[in-house]
Structure formats: C-alpha cells, structure tokens
> 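Input: one structure, supplied below.
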Amino acid sequence: MPTSDKTPPRAAKTTRAKAASSSNALLARVREILEAARAGVARTVNTTQVAANWLIGREIVEEEQRGQRRAGYGAKLLAELSARLNAEFGRGYSVDNLEAFRQFYLDYPQLISETASRKSTVIRELPAQPISATPSRKSISESDWLPGVLHPSLSWSHYRQLLRVARMEARAFYEIEAIRNAWSVRELQRQAASLLYDRLAKSKDKKGLMRLATHGQEVAQPLDALKDPMVIEFLGLPESPRLVESALEQALIDNLQTFLLELGKGFAFVSRQERITIDGDHFYIDLVFYHAVLKCYVLIDLKVGKLTHADLGQIQFYVNYYDRERRTEGDNPTLGVILCPDKNDAVVKYTLGEQQERNIFASRYQLHLPTEQELESELRREIRYLSVSEAVRVPAKKQAKRGA
C-alpha cells in the first residue's frame with residue numbers, strides 16, 4: 001500500500017495552532033521591546049529638554065547678576081534673547097518661557113550637580129536610563145534621588161506645574177508623589193489644586209511635616225491612609241440638597257479610577273452594595289475596598305446629609321460583622337469610613353469613644369476644589385478640636401494613675 005505524504009488533518013491543525021501561538025508570543029515580545037524603546041526615547045528627550053531649560057535659566061540669571069543693575073535691564077535682556085532664539089530655533093522661546101526657565105533655575109538650584117552643569121557636554125552626558133516595559137516606580141527610599149534633583153520621570157510640563165507651588169516643602173512633597181505614583185501632568189495639577197499636601201499635613205506634628213516633605217505620604221496606621229476632607233470635584237455633581245446617595249455612589253463608580261487616586265495609595269476596589277444577611281434581614285454596604293498596605297478591609301458608607309449618631313452605629317455594625325464573618329487569617333481589623341458633607345466632631349467623639357482612634361472614621365467630602373482660605377478655616381477648626389480633646393484626655397490619664 002503506497003505511503004501518503006499528507007499530514008493527518010488533526011496533526012496539521014495542531015501544527016498551525018502551535019505556529020500561531022509561537023507567532024503571537026513573538027509578536028508580544030517584540031511589541032514590548034518597541035513600546036519600551038519608545039518610552040525610553042521619550043524619557044530621554046524629556047530629560048534632555050528639562051536639562052536644557054535649566055541651563056538656559058542659569059545663563060540668564062548669571063547674566064543679570066554681572067553687575068548690570070540698570071532699571072529694566074532684565075526685561076530688555078529677555079526680549080532681545082527671545083527674538084533672536086525664535087528667529088534661529090523657531091517658536092518656543094517667548095519671554096514668558098524664558099522667565100519660566102529663569103525661575104526654574106532659581107527654584108531648583110541643585111537640579112544638576114555643579115561639576116556636571118559646568119561641562120559644555122552636560123546634556124550628552126546625562127545618565128542613560130535602562131529600558132523597561134513600564135515606567136520605574138522604584139521606592140524613593142531605595143534610591144539616591146532627593147527632591148530638587150533631576151529625575152527622568154518628570155517632564156518639563158511636570159516641572160512647570162511644580163513651579164506653581166510656592167512653598168518649598170509642599171513642592172518637594174508633590175515631586176516625590178508624582179514620581180512614586182507615575183502621575184500624569186493633569187493628575188499632578190489636580191492634586192496640587194486640591195491641596196493634597198495641606199490635607200495630609202494638618203494632622204501632623206513638626207516631625208511628621210518634615211517626613212512628609214522628604215519622604216512623601218507614608219501609610220503606617222489607618223489615619224495616615226485617610227483624608228479629611230476628601231475632594232471629589234471630578235464627579236461634576238452640583239452641591240444640592242436634592243442629591244441622593246445612589247447618585248453619589250453611581251458617580252463614584254463611574255469615576256472609579258480617579259476616585260482611587262483621591263483615596264490614595266493601597267486601596268483596591270472589592271464591591272459595591274455588598275449584601276449581608278442576618279436572621280433573614282438584608283443590609284447593604286455601599287462600597288468595600290481592601291487596603292494592601294494596612295492589610296485590612298475598608299468599608300465606606302456614603303451620606304448626603306449631616307452625620308448623625310445613627311450613621312455611626314450603622315458603620316460600627318458593618319465593621320463588627322466583617323470582623324467576625326469575612327476577616328481571614330492575616331487580615332487586620334476592618335476599618336469603617338463614613339463619607340459625609342458635614343459632621344459634628346463632638347457627636348463623633350461621644351458616640352464612638354475610643355473606637356474613633358482605632359477603626360471608625362468620619363471624613364467629609366467636598367464637591368469642589370477647596371480654597372486656601374477654606375483649608376485654613378478647616379485647620380483652625382481641627383486645632384480647636386484637638387486642643388479640647390487633649391485637655392479632656394490629660395486629666396483622665398492622671399485620674400487613672402492615681403486610681404492605680
């Protein structure tokens with residue numbers, strides 16, 4: 001019987017499938033290389049542009065400081081320089097941009113080392129970054145980088161936004177967080193406009209403020225992970241007495257990615273309207289998250305009216321249930337957070353007692369970006385509350401010691 005050269009249909013199909021799978025894998029690897037190379041080139045171009053702008057700013061500042069004190073000299077210098085640069089190199093060197101370069105050098109005097117900045121080849125000698133498929137998110141504490149020093153993750157647009165932050169300590173904080181969290185320019189702008197540094201700083205002592213400015217946000221306890229107030233202007237909801245909780249919840253889910261950025265590092269979404277049943281009665285938790293750093297569940301209850309003691313009792317009920325029925329080995333105690341537009345700190349204090357400092361929290365939300373005046377008012381209110389709490393706590397401790 002003659003031997004057939006034809007491959008059996010099933011074997012041919014298997015061969016084609018393997019070839020297709022191999023081709024897809026190869027395509028994926030090549031695509032990863034090309035995308036990483038493209039990202040690497042973009043970062044190199046950005047870093048080179050940042051360095052060039054800083055060097056131009058240095059030249060302008062040094063020229064202005066060479067004893068020429070005549071009135072209007074700086075303005076005339078920039079106007080002449082702008083006209084000649086635009087004629088030779090094209091648009092991009094307006095007087096406003098040159099002033100930004102100048103301010104960049106003044107605000108970041110240590111951006112490039114003194115030795116390197118004096119070399120004519122400084123831009124060509126900038127350290128090359130290893131190509132990787134994704135932007136580096138290496139912990140700030142694990143590198144030699146410090147705020148105020150050139151970093152390849154920050155573009156000129158990032159630095160332009162940072163220059164708008166007047167206070168040095170706040171600017172350093174945003175610099176750290178922008179790198180650590182790979183913020184886009186838009187997200188950096190939003191976080192600065194929502195006064196993230198001030199919202200985190202208001203409960204810190206002097207030592208805590210220093211760490212915030214040099215290490216960024218660190219989450220070591222529940223209070224570190226929560227903001228008060230929380231700014232959710234990105235929902236686009238009007239401040240109206242007719243706002244209902246279901247509409248607020250749906251808006252947060254529709255903007256979940258932005259909401260997670262506002263919540264801060266470590267939060268992972270688990271579920272919404274999670275039903276719990278006790279003896280045939282059904283209850284629903286608005287939002288459930290898990291915090292990867294604190295290793296615990298975070299239950300969020302949404303309110304559109306002023307916080308009441310009944311609301312606090314409800315979130316305490318949810319937390320107790322989760323701790324008994326859902327918490328597993330390795331999980332820390334569950335946290336409960338009420339998001340509300342207004343609250344009375346005294347009601348919170350007398351309803352929760354010691355629980356307030358452990359696992360139940362009430363945070364206000366704002367549907368608009370806060371002004372500095374609003375934040376200052378909030379800070380004064382917080383200081384008054386803390387002062388009263390401390391005044392009550394100290395005599396209680398002394399009484400307990402005498403009793404012991």
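No hydrogens, no waters, no symmetry mates; every other heavy atom, side chains included, goes into these values.
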> In the structure I gave you, are the side-chain heavy atoms of Asn359 and Thr334 within less than 4.5 Å of one another anywhere?
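Side-chain contact under 4.5 Å: no.
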
> Kindly state whether the ring of Tyr290 and the ring of Phe269 have centres lying under 6.0 angstrom apart.
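Distance test on ring centres: not under 6.0 Å, no.
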
> Would a distance-only check, ignoring hydrogens and angles, find a side-chain to backbone donor-acceptor pair under 3.5 Å from Ser82 to Leu78?
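No; zero donor-acceptor contacts below 3.5 Å.
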
> Which atom pair, heavy atoms only, marks the closest approach of Asp228 to Ala362?
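The pair with the smallest heavy-atom distance is OD2-O, 4.0 Å.
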
> Any donor-acceptor pair under 3.5 Å linking the side-chain atoms of Gln316 with those of Tyr321?
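No, no side-chain donor-acceptor contact under 3.5 Å.
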
> Main chain of Trp183, side chain of His158: is a donor-acceptor contact present, judged purely on distance under 3.5 Å?
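Judged by distance alone, yes, a pair lies under 3.5 Å.
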
> Any donor and acceptor pair, going by atom type alone, linking the side chain of Tyr297 with main-chain N or O of Val319 inside 3.5 Å?
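The answer is no, because no donor-acceptor pair under 3.5 Å joins these two groups.
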
> Under the side chain to side chain contact (heavy atoms under 4.5 Å, CB included) rule, what do Leu263 and Met230 come out as? Steps first, then yes or no, please.
CA-CA 8 Å; Leu263 282 172; Met230 192 170 293; 3.7 Å; yes

> Hey, mind stepping through Ser184 and Glu187 against side chain to side chain donor-acceptor pair (under 3.5 Å) and telling me if it holds?
CA-CA 5 Å; Ser184 65; Glu187 183 58 26; 5.5 Å; no

> For Pro147 versus Ala172, what's the shortest heavy-atom pair and its separation?
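For Pro147 and Ala172, the tightest heavy-atom pair comes out as CB-CB, 3.8 Å.
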
> Is Arg180 salt-bridged to Glu177, cutoff N-O under 4.0 Å?
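Salt bridge present between Arg180 and Glu177.
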
> If we only count heavy atoms from C-beta on, is the Leu55 to Phe101 side-chain gap below 4.5 Å?
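The answer is no, as the side chains (C-beta and beyond) never meet within the 4.5 Å cut-off.
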
> Determine whether a donor-acceptor pair (N or O, by modelled atom type, separation under 3.5 Å) exists between the side chain of His291 and the backbone of Lys265.
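Yes, His291 side chain to Lys265 backbone: donor-acceptor pair under 3.5 Å.
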
> With side chain to side chain contact (heavy atoms under 4.5 Å, CB included) as the test, would you mind laying out the steps for Leu111 and Val50 before giving the verdict?
CA-CA 10 Å; Leu111 189 81; Val50 169; 4.1 Å; yes

> Between CZ of Arg272 and OH of Tyr284, what distance do you get to the nearest 0.5 Å?
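Result: 13.0 Å between the selected atoms.
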
> For ring pair (Phe, Tyr, Trp, His ring centres under 6.0 Å), just list the numbers for Tyr108 and Tyr159, CA-CA rounded to whole Å, side-chain angles, deciding distance to a tenth of an Å, and then say yes or no.
CA-CA 10 Å; Tyr108 285 85; Tyr159 280 111; 5.4 Å; yes

> Could you please spell out the steps behind the side chain to side chain contact (heavy atoms under 4.5 Å, CB included) verdict for Phe173 and Met168?
CA-CA 9 Å; Phe173 166 80; Met168 187 182 303; over 6 Å; no

> Can you list the steps and then say if Phe283 with Phe317 is a ring pair (Phe, Tyr, Trp, His ring centres under 6.0 Å)?
CA-CA 10 Å; Phe283 305 89; Phe317 163 64; 5.0 Å; yes

> State, with a plain yes or no, whether a side-chain heavy atom of Val337 is found less than 4.5 Å away from one of Leu299.
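No, their side chains stay 4.5 Å or more apart.
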
> Answer yes or no: is there a donor N or O on one side and an acceptor on the other, between the side chain of Lys303 and the main chain of Ile338, under 3.5 Å?
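No; zero donor-acceptor contacts below 3.5 Å.
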
> With side chains defined as the heavy atoms from C-beta onward, is the minimum distance between Pro229 and Tyr365 less than 4.5 Å?
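Pro229 does not reach Tyr365 side chain to side chain.
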
> If you count the non-hydrogen atoms of other residues, nucleotides and ligands that lie under 6.0 Å from NE2 in His368, is the total more than 12?
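More than 12 heavy atoms, drawn from other residues, nucleotides or ligands, come within 6.0 Å of this atom.
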
> Indicate whether the side chain of Glu249 and that of Ser246 have a donor and an acceptor atom separated by less than 3.5 Å.
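Glu249 vs Ser246: no donor-acceptor pair found between side chains.
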
> For a quick test of reading the model, state the closest non-hydrogen atom pair linking Val231 to Leu369 and the distance between them.
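Minimum heavy-atom separation between Val231 and Leu369: CG1-CD2, 3.8 Å.
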
> Do you know the tightest heavy-atom contact between Pro333 and Cys296?
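What the structure gives for the nearest pair is O-CB, 3.4 Å.
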
> Please tell me if the side chains of Glu63 and Ile60 come closer than 4.5 Å, counting only heavy atoms from C-beta onward.
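The answer is no; the side chains never approach within 4.5 Å.
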
> Side chain of Asn255, backbone of Leu235: donor and acceptor closer than 3.5 Å?
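No: the side chain of Asn255 does not pair with the backbone of Leu235.
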
> Could you tell me whether a side-chain N or O of Ser94 sits under 3.5 Å from a main-chain N or O of Asn97, the two making a donor and an acceptor?
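Side chain of Ser94 to backbone of Asn97: a pair is present.
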
> Kindly compute the distance separating CZ (Arg326) from OH (Tyr318), expressed to the nearest 0.5 Å.
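With rounding to 0.5 Å, CZ (Arg326) is 12.5 Å from OH (Tyr318).
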
> Roughly how far, to the nearest 0.5 Å, is CG of Leu260 from CG of Leu252?
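Those atoms lie 10.0 Å apart.
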
> Using a strict cut-off of less than 4.0 Å between a Lys/Arg side-chain nitrogen and an Asp/Glu carboxylate oxygen, indicate whether Asp198 and Arg167 qualify as a salt bridge.
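Salt bridge between Asp198 and Arg167, a charged N being under 4.0 Å from a carboxylate O: yes.
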
> Main chain of Leu302, side chain of Asp286: is a donor-acceptor contact present, judged purely on distance under 3.5 Å?
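Side chain of Asp286 to backbone of Leu302, a donor-acceptor pair under 3.5 Å: yes, one is there.
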
> Between Phe361 and Leu223, does the side chain to side chain contact (heavy atoms under 4.5 Å, CB included) criterion hold? Intermediate values first, please.
CA-CA 9 Å; Phe361 303 90; Leu223 196 59; 4.1 Å; yes

> Testing the basics here: between Leu237 and Leu248, what is the closest heavy-atom pair and its distance to 0.1 Å?
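That closest heavy-atom pairing would be CD1-CD1, 4.0 Å.
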
> Nearest 0.5 angstrom please: Asp331 CG to Tyr322 OH, how far?
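Rounded to the nearest 0.5 Å, the CG-OH separation comes out at 10.0 Å.
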
> Which residue is it: Leu188, Leu162, Val185? I am looking for the one with a side chain to side chain contact (heavy atoms under 4.5 Å, CB included) to Leu154.
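Exactly one pass, corresponding to Leu162.
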
> I'd like to know if Asp342 and Arg364 make a salt bridge, using a cut-off of under 4.0 Å between side-chain N and carboxylate O.
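No, this pair does not count.
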
> So, taking the atom named CG in Leu85 and the one named CG in Leu98, what distance separates them when rounded to the nearest 0.5 Å?
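Atom-to-atom, Leu85:CG and Leu98:CG are 6.5 Å apart.
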
> Can you check whether Asp96 reaches Glu99 side chain to side chain, under 4.5 Å on heavy atoms?
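The answer is yes; the side chains approach within 4.5 Å.
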
> Report the C-alpha distance between Arg164 and Gln161 in whole Å, list the side-chain angles of each, state the deciding distance to 0.1 Å, and finish with yes or no for side chain to side chain donor-acceptor pair (under 3.5 Å).
CA-CA 5 Å; Arg164 297 176 184 175; Gln161 186 59 48; 3.3 Å; yes

> Considering non-hydrogen atoms only, spot the tightest contact between Ala225 and Leu294 and give its length.
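Minimum heavy-atom contact is CB-CD1, 4.0 Å.
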
> Taking atom CD of Glu325 as the centre, report whether more than 12 heavy atoms of other residues, nucleotides or ligands fall under 6.0 Å from it.
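Yes, the 6.0 Å shell around CD holds more than 12 heavy atoms from other groups.
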
> Less than 4.5 Å apart, side chain to side chain, heavy atoms only: is that true for Ile56 and Phe104?
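In short, these two side chains do not touch, never coming nearer than 4.5 Å.
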
> When rounded to the nearest 0.5 angstrom, what is the spacing between CG in Leu339 and CG in Asp311?
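Those atoms lie 12.0 Å apart.
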
> Taking the six-membered ring of Tyr174 as reference, does the cationic atom of Arg171 (NZ for Lys, CZ for Arg) lie under 6.0 Å from its centre and within 45° of its axis?
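Relative to the ring axis of Tyr174, which defines the angle, Arg171 lies outside at least one limit.
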
> Between Trp156 and Arg160 (side chain of the first, backbone of the second, donor and acceptor by atom type, cut-off under 3.5 Å), is there such a pair?
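Not a single qualifying donor-acceptor pair exists.
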
> Start with the C-alpha gap between Asp224 and Gln217, add the side-chain angles, then the distance that decides, and say whether side chain to side chain donor-acceptor pair (under 3.5 Å) holds.
CA-CA 8 Å; Asp224 296 333; Gln217 184 184 7; over 6 Å; no

> Taking Arg199 first and then Glu262, would you say they form a salt bridge - that is, a charged N and a carboxylate O separated by under 4.0 Å?
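Salt bridge between Arg199 and Glu262, a charged N being under 4.0 Å from a carboxylate O: yes.
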
> When you compare the side chain of Val244 with that of Val304, does any pair of heavy atoms fall below 4.5 Å?
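Answer no - side chains too far apart.
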
